[in-house]
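The next block holds one structure in the form of structure tokens; read it before the comments.
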Amino acid sequence: MSPRIPKRMAGCPVHGGLAVPAVAGRHTSGRRSPLFGINDPRRVNSLLVNKRCGMCGQPLSDRPGGKYMLLLRPADFGRGYSAEPAAHPSDCGPYAINACPLLNGRMTRYSTSRRDLAAERCGEPDCDCRLWTDRPDQQERAGAAAPPFYAALYRQEDYRLHWGDLREHRDVLLGVTVIGIKPLQIRLVTKGEPSMVDLARALLMDLPLP
């Protein structure tokens with residue numbers, strides 16, 4: 001049974017009983033299936049820059065004492081940023097945890113099928129899919145063991161973008177910074193199948209052990 005869709009996500013498209021996250025790759029026409037688990041880079045950048053939730057697409061809290069949630073792997077803590085946009089901690093973040101099979105523990109490995117994004121372009125000139133490209137990290141994850149995932153809660157005042165180099169490109173927007181920022185809370189969401197590197201990172205960063 002699909003988890004209940006929160007009111008904040010009521011405006012999102014629904015596919016197979018699940019709300020389609022704002023960050024997910026999708027066709028403009030809506031006639032083809034959305035790409036759960038594969039993000040649209042333009043949507044990602046827009047949500048990051050405008051401090052919006054990656055699930056519902058609405059603004060994150062900017063009031064004093066407001067909070068945001070990041071869903072992180074040990075590798076994300078290690079590199080110092082989350083490539084995924086933040087989420088509202090009261091509803092959108094928990095919905096992602098309940099709905100995503102990697103986060104709720106129903107899948108302990110990434111899908112073995114490699115998505116060919118170029119082949120999924122619909123050909124319509126005004127559709128965002130014309131810009132979809134296959135990323136090496138997405139292809140490399142096919143069939144790999146799922147890492148542990150953590151839900152980390154942060155103060156809205158600590159929200160900062162993370163910029164850096166990506167292959168041959170310089171000063172690229174990479175995500176939301178976590179390095180040097182003390183979270184209010186870190187909770188292990190799912191154990192996954194941690195590698196020795198994951199366990200070492202968890203120990204070094206004082207994360208809850210999977």
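Since the model is a prediction, treat every value here as computed from it, not as a measurement.
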Return a table of donor-acceptor pairs under 3.5 angstrom between the side chains of residues 51-70 and protein atoms on other chains or two or more places apart.
residue, atom, partner, partner atom, Å
Lys51, NZ, Gln156, O, 3.2
Lys51, NZ, Gln156, OE1, 2.7
Arg52, NH1, Gly57, O, 2.9
Gln58, NE2, Arg8, O, 2.8
Ser61, OG, Arg63, N, 3.4
Lys67, NZ, Gly65, O, 3.2

| request: Before giving the answer on side chain to side chain contact (heavy atoms under 4.5 Å, CB included), spell out for Ile179 and Tyr81 the whole-Å C-alpha distance, their side-chain angles and the decisive distance to 0.1 Å. | output: CA-CA 7 Å; Ile179 191 168; Tyr81 68 92; over 6 Å; no
| note | Tightest non-hydrogen contact, residues Cys12 and Val20, listed as CB-O, 3.5 Å
| request: Indicate if Leu161 and Val178 have the same hydrophobic cluster label, given that clusters are the connected sets of ILVMFWY residues with side-chain heavy-atom separations under 4.5 angstrom. | output: yes
| said: To the closest 0.5 Å, what do you measure between OG (Ser46) and CG (Asn50)? | reply: 4.5 Å
| field | CG/Asp171: more than 12 non-hydrogen atoms of other groups inside 6.0 Å | value | no
| field | Any side-chain heavy-atom pair of Phe149 and Ile97 under 4.5 Å | value | no
| At their closest point, which heavy atom of Ile186 faces which heavy atom of Ala152, and how far apart are they? | CG1-CB, 4.2 Å
| Where do Leu207 and Tyr150 land on the side chain to side chain contact (heavy atoms under 4.5 Å, CB included) test, with the steps shown first? | CA-CA 9 Å; Leu207 301 173; Tyr150 297 87; 3.8 Å; yes
| field | Leu71 CG to Cys100 SG distance, which is reported to the nearest 0.5 Å | value | 9.0 Å
| task | Rounded to the nearest 0.5 Å, what's the gap from NZ on Lys7 to CZ on Arg4? Could you check? | result | 8.0 Å
| task | Determine whether Leu203 and Met205 fall in the same hydrophobic cluster, where Ile, Leu, Val, Met, Phe, Trp and Tyr are linked whenever their side-chain heavy atoms lie under 4.5 Å apart. | result | no
| field | Minimum heavy-atom distance between Gly17 and Ile5, given as atom pair plus value | value | O-CD1, 4.2 Å
| From CG (Leu173) to CG (Asn45), nearest 0.5 Å | 5.0 Å
| task | Kindly say whether Pro41 contributes a backbone atom to a donor-acceptor pair with the side chain of Asn39 at under 3.5 angstrom? | result | no
| Hey, mind stepping through Arg26 and Asp40 against side chain to side chain contact (heavy atoms under 4.5 Å, CB included) and telling me if it holds? | CA-CA 8 Å; Arg26 69 183 83 164; Asp40 184 315; over 6 Å; no
| said: Can you list everything that forms a side chain to side chain donor-acceptor pair (under 3.5 Å) with Gln185? Sequence neighbours excluded, please. | reply: none
| field | Heavy-atom side-chain proximity of Asp198 to Pro210 below 4.5 angstrom | value | no
| request: Verify, without hydrogens or angle tests, whether Asn104 (side chain) and Asn98 (backbone) share a donor-acceptor contact under 3.5 angstrom. | output: yes
| request: Take Thr190 and Leu102, measure what side chain to side chain contact (heavy atoms under 4.5 Å, CB included) needs, and give me the verdict at the end. | output: CA-CA 8 Å; Thr190 184; Leu102 283 173; over 6 Å; no
| message | Distance check, rounded to the nearest 0.5 Å: Trp163 atom CH2 versus Thr177 atom OG1? | response | 10.5 Å
| Roughly how far apart are Asp76 CG and His162 NE2, rounded to 0.5 Å? | 11.0 Å
| task | State, yes or no, whether a side-chain contact exists between Pro183 and Leu153 at a heavy-atom distance under 4.5 Å. | result | no
| Taking Asp158 for the side chain and Tyr154 for the main chain, is one N or O donor matched with an acceptor at less than 3.5 Å? | no
